[in-house]
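As the structure is a prediction and not an experimental result, all values here were calculated from the model. Read the numbers this way: they start at 1 and go in the same order the structure lists the ligands and their atoms.
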Amino acid sequence: MAFRPRLRLLSTFRAPLSTRRFATESRLASDHVRIVEVGPRDGLQNEKKAIPKETKLELIEKLAKTGVTTIEAGSFVPAKWVPQMASTAEICEHLLTSPPSSQNTTIAYNYLVPNIKGLESLVKIMDSTGVPAHAPGSATKAATTTEISLFAAATEAFSKANTNCTIAESLERIKPIVALAKTKDIRVRGYVSVALGCPYEGPEVSPTKVADITATLLEMGADEVSVADTTGMGTAPRTVELLKALKAAGIANTDLALHFHDTYGQALVNTIVALEHGVRIFDSSVGGLGGCPYSKGATGNVSTEDLIHTIHSLGMHTGISLEEMSQIGSWISGELGRINDSRAGKATLGRLSKI
Ligand SMILES: CC(C)(COP(=O)([O-])OP(=O)([O-])OC[C@H]1O[C@@H](n2cnc3c(N)ncnc32)[C@H](O)[C@@H]1OP(=O)([O-])[O-])[C@@H](O)C(=O)NCCC(=O)NCCSC(=O)C[C@@](C)(O)CC(=O)[O-]
């Protein structure tokens, strides 16, 4: 089916400047977008060289000062599956007992759990430190929330590769995780991977199936579901189809996040499409860190700096400092010996160096 752009935001770019400013301000000025920073988990999990725990903690501590309110801090997965995440237990204990100072009243640290064993490991640390899921701040400590993310996939092949089970089995696996999380007052995020393209089954993933799995996760008790373009194969027209299917399934935008990888350079285009449809929660990683161990050739998440720049350019708010985020992107890229994948980040630093 031909794609007929219905992007009101983009069409305003053709209007004269004064009209354009008015149109943008009237529609978007009060809009706030929440960015979930996934760099320390999704961004680092695929790095081949072992990254010291201290570097990961330094990254999280720097991020906590930028204005970001949710940080994916690690995952409780077997080390043989994702060796880079082996230090998650120590990172979690540190964040619970010595939370980084933050300019926000509360900052949420999120951990990926693939099964009940993963959540039990997290709960054991919470119980041993005596820190509850919602820990109020004090004179010496910042207020924190501990959250989890669990994940399912939209194709059988990816489900098998990523979680060693079928989609149905993965949903069964999730039930006890949600039940235990609720008893501990832990907020639950769900993921639906390969929503816009699968490395094994190709780009034509059924939007209805993605919507059904998203709805199932919410019905099972997830507080929010992040629909992920794991391979970056998503295009504007297929993002529109997906958003329509999600809406038709009754998914409210307040329960929905989008998670774009930038493998084909379409992440920001698809973000604007989603903003147009009212989505206000997006995942990203500083410096565009990342990849996916089960999606060959996948590059990182859309960079947080690029996402902030785009959102701010539309007159919307994130509460996050682009300058500080750009500095972190440059720093962590240097630490890892990788190229900084954020164009807005590099441009921002270039501009600052001339002032
Ligand atoms: C689900 C499993 C565990 C099944 O893996 P399995 O091998 O079938 O698990 P199992 O239950 O048979 O257990 C095998 C061994 O692992 C241990 N084990 C079992 N569970 C745990 C645990 N939680 N923590 C520590 N150890 C654990 C268990 O005790 C046992 O130990 P052994 O008896 O051999 O000594 C595995 O497939 C897995 O961990 N998968 C996750 C892989 C992963 O982390 N992928 C990347 C994250 S998803 C992602 O990046 C996508 C996302 C979210 O970002 C969005 C997107 O862009 O798509």
Side-chain angles (χ1 to χ4, degrees), residues 36-47 70-90 92 110-125 147-155 157-167 169-174 176-177 180 188-201 205 210 213-214 217 222 224-234 242 257-263 267 270 281-285 288-302:
V36 175
E37 170 59 52
V38 299
R41 194 280 303 173
D42 204 1
L44 297 186
Q45 69 181 8
N46 207 29
E47 287 288 322
T70 309
I71 300 174
E72 263 195 354
S75 55
F76 286 94
V77 291
K80 73 168 184 192
W81 278 77
V82 188
Q84 193 60 259
M85 292 290 112
S87 50
T88 295
E90 292 167 86
C92 174
N110 186 298
Y111 301 90
L112 202 72
V113 297
N115 54 15
I116 189 70
K117 194 174 165 106
L119 179 56
E120 282 166 355
S121 302
L122 169 63
V123 167
K124 201 168 151 198
I125 298 169
E147 301 183 352
I148 57 164
S149 286
L150 33 82
F151 46 104
T155 68
F158 194 83
S159 181
K160 195 76 190 157
N162 198 30
T163 51
N164 202 19
C165 65
T166 64
I167 298 172
E169 285 164 348
S170 74
L171 293 171
E172 278 303 311
R173 216 180 245 179
I174 281 167
I177 307 180
L180 175 57
V188 176
R189 212 169 188 248
Y191 272 111
V192 182
S193 289
V194 294
L196 285 160
C198 172
Y200 311 105
E201 298 185 19
V205 176
V210 175
I213 298 171
T214 306
L217 289 173
E224 170 182 309
V225 176
S226 180
V227 173
D229 182 14
T230 315
T231 58
M233 287 182 198
L242 175 60
L258 289 178
H259 176 109
F260 290 118
H261 285 254
D262 205 23
T263 314
N270 298 337
I281 311 168
F282 294 89
D283 303 351
S284 60
S285 73
L289 299 175
C292 176
Y294 307 105
S295 177
K296 214 171 171 12
T299 56
N301 295 87
V302 62

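Checked by atom type, the side-chain pair S285/D42 shows no donor-acceptor distance below 3.5 Å.
Using a 4.0 Å cut-off between heavy atoms, M85 makes no contact with ligand 1 at all. With a heavy-atom cut-off of 4.0 Å, E120 does not touch ligand 1 at all. Counting heavy atoms closer than 4.0 Å to ligand 1, residue P78 contributes atoms from both its backbone and its side chain.
Residue V82 has no nitrogen or oxygen atom sitting less than 3.5 Å from a nitrogen or oxygen atom of ligand 1, judged on distance alone.
Annotation for ligand 1: atoms under 4.0 Å from non-hydrogen atoms of L112 are 47 (C). Of all atoms in ligand 1, numbered sequentially from 1 with element shown, those under 4.0 Å from a heavy atom of S193 are 51 (C), 55 (C), 56 (C), 58 (O). Atoms of ligand 1 lying under 4.0 Å from at least one heavy atom of T163, given by number and element, are 1 (C), 4 (C), 37 (O). Atoms of ligand 1 lying under 4.0 Å from any heavy atom of F76, numbered from 1 in the order shown and given with element: 22 (C), 23 (N), 24 (N). Under a 4.0 Å criterion applied to the non-hydrogen atoms of A228, ligand 1 contributes the atoms 55 (C), 56 (C), 57 (O), 58 (O). Of all atoms in ligand 1, numbered sequentially from 1 with element shown, those under 4.0 Å from a heavy atom of N164 are 6 (P), 8 (O). Per-residue contacts place G118 under 4.0 angstrom from the following atoms of ligand 1 (heavy atoms of the residue considered): 23 (N).
Here the shortest heavy-atom distance to atom 42 (C) of ligand 1, taken over V77, N162, L119, belongs to N162. Selection from T230, D42, D283 by nearest heavy atom to atom 58 (O) of ligand 1 gives T230. Considering only non-hydrogen atoms, atom 1 (C) of ligand 1 lies nearest to R173 out of R41, H261, R173.
Residues passing the salt bridge (charged side-chain N to carboxylate O under 4.0 Å, His left out) test with D262: none are found, sequence neighbours excluded.
Between H261 and A267, the closest heavy-atom pair is O-CB, 3.9 Å. Closest approach of G190 to A222, counting heavy atoms only: N-CB, 4.3 Å.
In this structure, E169 contributes its side chain and T166 its backbone to a donor-acceptor pair below 3.5 Å.
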